[in-house]
2 protein chains.
Amino acid sequence: MKTKRPTVRDVAREAGVSYQTVSRVINNDTHVSPATRERVMAAIESIGFRPNRAAQIFQTERSHTIEAVIFYGGFNRFLFEMAHTAHQLGYHFSISAISEDEFISSLDSASSRFVDGLLLIPMVELNVTYDDLQRLTDGIPVVQIGAPLGANIPSVIYAQSLGARLATQHLIDLGHRRIAEITGPALNYDARDRHLGYRDTLRDNGIPAGQSIAGDYSLESGYQAMATLVESGEPLTAVFVANDSMAMGALTALRERGISVPDDISIVGFDDIPEAAHFVPALTTVRQDFNLMGKTAIEYLVRLIEDEGAPIQQTVLHPKLVVRGSTAPPRT
Amino acid sequence: MKTKRPTVRDVAREAGVSYQTVSRVINNDTHVSPATRERVMAAIESIGFRPNRAAQIFQTERSHTIEAVIFYGGFNRFLFEMAHTAHQLGYHFSISAISEDEFISSLDSASSRFVDGLLLIPMVELNVTYDDLQRLTDGIPVVQIGAPLGANIPSVIYAQSLGARLATQHLIDLGHRRIAEITGPALNYDARDRHLGYRDTLRDNGIPAGQSIAGDYSLESGYQAMATLVESGEPLTAVFVANDSMAMGALTALRERGISVPDDISIVGFDDIPEAAHFVPALTTVRQDFNLMGKTAIEYLVRLIEDEGAPIQQTVLHPKLVVRGSTAPPRT
DNA sequence: TGTAAAATTGTGAACAGTCACACATGGTAT
DNA sequence: ATACCATGTGTGACTGTTCACAATTTTACA
């Protein structure tokens, strides 16, 4: 029961001009009087017209699209793996890299481009509901990578708080009792869930919360945060760092101060990036497989596209702890 | 003087069937007799028909495209930056991630998708000339990222051999005379040019070439290569490693063997990835700005698209040496 | 062999824009 | 005043494909 999209002719009728004039307006043609343009714009707005990009490309033989041809190989794994999976399933893969304020407009133009499915990879909390999304995108299937656990939206996530629990419990099991934390950015829900997992694990073990310093997931911020932590003078024997990049920065900060890892302080990271095994010392961390997440998300999205009845679900992948050399029992 | 593309009707005339039958064939519809299908396929082949994807999308309202919506932020910088630049210039950005054998088919379907421009990011030598490319893509503008210096193709490159020269000369200036090398994959022209820069610099300084071990740019291969190098027993005081990832692996291999960097052996890398400053010791390396390269390439591509007369050129960016803690004069 | 069913093939129309051109109006230079 | 031009607007034709349906041929089976 899909009502058909309004066309230039509908707009023309509404605005009392010819369809050609509407065409001129949507192409920012000169030779349209300001008054007429105004009227057409109002009509477009009022009936919710979106130009049919396929028809435009068909007619003009121009798509305004640039395609990057990349050979399968080891770099830029995440986006790359998704593109590859999409291709294997018979879909083209395009990227819309936007700032947060372009979010809405990007979604609502998707339907005019006949995008079959959208993959959302937000890094901050989206304050839109699934219903909002559906309305914005005109019902185009959406799968989100990374979302709060239990969120009512088709999504693929790693259980962040579980990962944080594994990391924190590992420290506790080693005998640590003064465990600080370097968190990710506050608006990021992965970061928040990692924080909660850390906090709850301490609480469940009857251990008081340690200091918590906020970073932004960047190498530099990890370096800064660790410096702050050390210079605060607060006693601590272990730090849970919310991602591996920050952990790398943290290790540098400790090394510069002559503090030994893991003898003086144990460090646990999160993500298990390929470099983690080569940090000094090799980093104990929580493994998430981004490629798997991307692949799973694409496959699910294609299922949603091709099977109307496919259920809304959240796929929760379980991270696991990888113990290496950056953790040890505290000095006695 | 563009001859217009053949359509289903042209194919139909050629094959002696109706256009609808042609449509059935290109959509893999059942209900077409094998003989007819065969005949239509031959006709398609013979007149070089490619379905007009815009018309298909227009008609079916399905694009077979998945779009990833990514927020501007620090991750996956390279593709991301290009997508962002393209958007700012009014273009959509899509990725075609292919294996080498899909290369040709990907290029020749580009014209049927009305892609306005192609960005080639090969990681191995392409054995096609610019003319071949132009013919394959039906004249669609192409810009290649990374190519041999002086190649006759629109391209944006970093002067790889210059970078290698800077690195090697730095080692020589410090007093090193036994300088080995860990190279990238042999088929990669960046890797080859880095090797040549290294070789020529030694030659120009009248220093005999050191050992050369091939890696594949991966962390692991750097680790392996350095292990091999050390265990060969050949005396050496410095190693030029063809990229930072391998250098990281190399540092690990040395550390495991109790060999001190830079006291026993100096190491120079290539790329200056963000992590390089946090290696132990911080890595002396050659800086290339990938974002700049991506941005430059997109801007040039758009110029080629929008201005027929824009000249074919190769933009050569100059890398620079970043000296950190992994290099020092050799032990006396 | 007849007849229904299935398989194969063909015809007309529709999709939503843009292009080329036509036309009307009003201002300006001669 | 006349011719010319710029501006603003409208009309008809066209793009290449697929859909719905019709027509024809072949197959299956009583």
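A, B, ... follow the sequence lines: proteins, then strands. Residue 1 opens every chain. Because the structure is a prediction, the values reported are computed rather than measured.
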For A:Glu67, is there an ion pair with B:Arg113 - N to carboxylate O distance below 4.0 angstrom? yes

Separation of B:Ile26 atom CD1 from D:dG16 atom P, in whole Å? 13 Å

For A:Ser33 and B:Thr7, find the nucleotide of DNA chain D closest to each by heavy atoms; which residue's nucleotide sits nearer the 5' end? A:Ser33

Integer-rounded Å distance: D:dT17 P and B:Phe58 CZ: 13 Å

Any side-chain N or O of B:Asn52 under 4.0 Å from OP1/OP2 of D:dT15? no

Without swapping roles, check the side chain of A:Tyr158 against the backbone of A:Met293 for a donor-acceptor pair under 3.5 Å. no

Report yes if at least one side-chain N or O of A:Gln56 is closer than 4.0 Å to OP1 or OP2 of C:dT18; otherwise report no. yes

When the distance from CD of B:Glu61 to P of C:dG17 is rounded to whole Å, what number comes out? 11 Å

Spacing between B:Gln59 atom CD and C:dA13 atom C1', to the nearest angstrom: 10 Å

Using atom types as modelled and distance alone, determine if a side-chain donor or acceptor of A:His87 lies under 3.5 Å from a backbone N or O of B:Ile95. yes

With rounding to the nearest 0.5 angstrom, report the NE2 to OG distance, A:His84 to B:Ser96. 10.5 Å

Whole angstroms only, please: what is the CG-C1' distance between B:Asp29 and C:dA6? 14 Å

With a 4.0 Å heavy-atom cut-off, tell me which residues in residues 11-21 of chain A come close to DNA chain D, sorted by residue number. A:Val17, A:Ser18, A:Tyr19, A:Gln20, A:Thr21

Between the base of D:dT17 and the side chain of B:Arg9, is there a donor and acceptor pair under 3.5 angstrom? yes

Can you tell me if A:Tyr19 uses its side chain to pair, donor with acceptor, with the backbone of A:Thr7 under 3.5 Å? no

Length of the line joining A:Asn27:CG and C:dT18:P, which is rounded to integer Å: 5 Å

Indicate whether any N or O donor in one side chain lies under 3.5 Å from an N or O acceptor in the other, for A:Ser109 and A:Ser112. no

Before accepting this row, confirm whether a basic side-chain N of the pair A:Glu299/A:Lys295 lies closer than 4.0 Å to the acidic partner's carboxylate O. yes

Measure from the side-chain N and O atoms of A:Arg50 to the backbone N and O of A:Ala110, and report whether any donor-acceptor pair falls under 3.5 Å. no

Between atom CZ in A:Phe114 and atom P in C:dC15, what is the gap in whole Å? 13 Å

In residues 36-47 of chain B, which residues come under 4.0 Å of DNA chain C by heavy atom? B:Thr36

Euclidean distance, atom CZ of residue A:Arg50 to atom P of C:dG17 [Å, nearest integer]: 12 Å

Is there a donor on the side chain of A:Arg24 or the base of D:dT9 sitting less than 3.5 Å from an acceptor on the other? yes

Any sub-3.5 Å donor-acceptor pair from A:Asp216's side-chain atoms to A:Pro185's backbone N or O? no

